[in-house]
Every structure is written in C-alpha cells, then in structure tokens.
Amino acid sequence: MKITRWTAEISPRKEILIQLIQAEGLDYTEIEIRSGLKLTNHRTQMREFIQIITGELIFNLSGTQFALRPGDKLELPPNTLYSYNNIKNDTCSFLSSKTI
C-alpha cells in the first residue's frame with residue numbers, strides 16, 4: 001500500500017487528476033459515494049489506484065484507519081482486503097484505476 005498526499009499549491013481539480021492518471025497510461029472510472037455509505041470487505045483482484053476528487057473517505061486496511069482527502073492517491077496491491085466509508089455530510093467522488 002502506498003499513499004501519496006496532494007501537496008501542490010493549486011487545488012486538485014478533476015481535470016488535473018484525470019491528466020495525471022492518463023499520463024501513467026491508465027484508464028479510470030469515476031465513482032461517487034453518498035454520505036453515510038460504506039463498502040465492507042472488498043478485495044482487490046489487480047493493482048488498484050484510488051484518487052479522491054472531492055469529499056473525504058475513511059479507509060480501513062487490516063484495522064488501520066486513515067482519511068483520504070481531495071488529491072490524495074492510494075495504491076493497493078493485488079489481493080488487498082479493504083473497506084471504506086463516507087462519514088461526512090457531502091458526497092465523495094474519486095477516480096478508480098486498475099492494472100496488472
């Protein structure tokens with residue numbers, strides 16, 4: 001697992017995040033998670049990347065919880081068991097990419 005925090009001086013706009021993903025040669029799917037929604041016990045099949053566009057998600061990996069905020073990117077190796085939830089009052093959107 002690798003977390004890359006957004007540290008640029010400019011805000012992480014969706015167009016910029018898409019360009020960064022495409023520069024890595026990856027396709028993506030945009031996903032929206034409503035307030036209060038949870039995903040439990042999901043296992044990656046391939047290497048998976050999640051990059052937050054708006055909102056915040058609380059991830060749980062093997063009992064360790066951490067927050068992902070706009071611009072933050074999470075890289076998960078294959079066969080990783082994880083869960084997440086959106087505890088904020090806003091919808092969270094993120095880009096999801098998968099590769100071998």
Side-chain angles (χ1 to χ4, degrees):
M1 172 196 74
K2 178 181 175 183
I3 299 173
T4 305
R5 299 289 184 185
W6 185 264
T7 58
E9 292 181 17
I10 60 171
S11 296
R13 294 189 333 262
K14 179 179 172 179
E15 300 79 25
I16 293 170
L17 300 176
I18 289 172
Q19 287 176 356
L20 291 171
I21 287 172
Q22 290 175 334
E24 293 183 43
L26 299 172
D27 291 324
Y28 64 90
T29 301
E30 185 173 345
I31 299 172
E32 289 191 352
I33 306 298
R34 293 185 318 269
S35 176
L37 198 76
K38 294 181 180 185
L39 173 76
T40 57
N41 298 326
H42 182 74
R43 188 173 299 276
T44 60
Q45 301 298 313
M46 298 185 251
R47 202 166 98 199
E48 190 169 329
F49 302 89
I50 294 171
Q51 189 149 26
I52 305 296
I53 302 169
T54 60
E56 181 178 306
L57 283 180
I58 304 298
F59 267 78
N60 183 336
L61 293 169
S62 301
T64 301
Q65 291 189 347
F66 54 92
L68 290 179
R69 295 178 180 91
D72 291 349
K73 181 179 176 183
L74 175 63
E75 180 180 339
L76 300 166
N79 203 34
T80 300
L81 182 65
Y82 70 90
S83 62
Y84 61 72
N85 63 49
N86 179 358
I87 61 172
K88 298 291 184 174
N89 289 330
D90 299 325
T91 296
C92 176
S93 61
F94 63 89
L95 301 173
S96 174
S97 302
K98 298 175 183 178
T99 186
I100 297 175

Indicate every side-chain donor-acceptor pair of residues 90-100 with a distance under 3.5 Å to a residue at least two apart or in another chain.
unit_1	atom_1	unit_2	atom_2	d
Ser93	OG	Thr54	OG1	2.8
Ser97	OG	Asp27	O	2.9

**Item:** From Arg13 atom CZ to Ile18 atom CD1, the distance as rounded to the nearest 0.5 Å
**Value:** 11.5 Å

**Asked** From Ile53 CD1 over to Ile16 CD1, what is the distance, rounded to the nearest 0.5 angstrom?
**Response** 12.0 Å

**Request:** Any chance you could measure Thr80, atom OG1, to Glu75, atom CD, to the nearest 0.5 Å?
**Result:** 10.0 Å

**Asked** Hey, are the side chains of Arg43 and Asn41 touching, using non-hydrogen atoms and a 4.5 Å cut-off?
**Response** no

**Validation row: Lys73, Arg5 side chains within 4.5 angstrom (heavy atoms)** = no

**Asked** Going from CG on Asn85 to OG1 on Thr40, what distance comes out if it is rounded to the nearest 0.5 angstrom?
**Response** 10.0 Å

**Student check: side-chain heavy atoms of Ile3 and Leu68 closer than 4.5 Å** = yes

**Message:** I'd like to know if the side chain of Asn86 and the backbone of Leu37 have a donor-acceptor N/O pair within less than 3.5 Å.
**Reply:** no

**Prompt:** Are Glu48 and Tyr82 close enough that a side-chain donor and a side-chain acceptor fall under 3.5 Å?
**Reply:** yes

**Asked** Between Ser35 and Asn89, what is the shortest heavy-atom contact and its length?
**Response** OG-CA, 3.5 Å

**Prompt:** Can you hop from Ile50 to Met46 via hydrophobic side chains spaced under 4.5 Å?
**Reply:** no

**Prompt:** For Arg47 and Pro78, which heavy atoms make the closest approach, and how far apart are they?
**Reply:** N-CG, 3.8 Å

**Message:** Return the CD1 to CD distance between Ile58 and Gln65, rounded to the nearest 0.5 Å.
**Reply:** 7.0 Å

**Message:** Quick check for you: to the nearest 0.5 Å, what is the distance between Phe49 atom CZ and Leu74 atom CG?
**Reply:** 10.0 Å

**Asked** Are the side chains of Leu61 and Met1 in touch, meaning some heavy atoms are under 4.5 Å apart?
**Response** yes

**Prompt:** Does Ile87 share a hydrophobic cluster with Leu57, counting links as ILVMFWY side-chain heavy atoms below 4.5 Å and allowing steps through other members?
**Reply:** no

**Message:** For a 4.5 angstrom cut-off between non-hydrogen side-chain atoms, does Tyr84 reach His42?
**Reply:** no

**Complete:** Heavy atoms of Pro70 and Trp6 approach each other most closely as O-CB, 3.7 Å

**Message:** Can a donor-acceptor pair be found, under 3.5 Å and without considering hydrogens, that links the side chain of Asn60 to the backbone of Ser83?
**Reply:** no

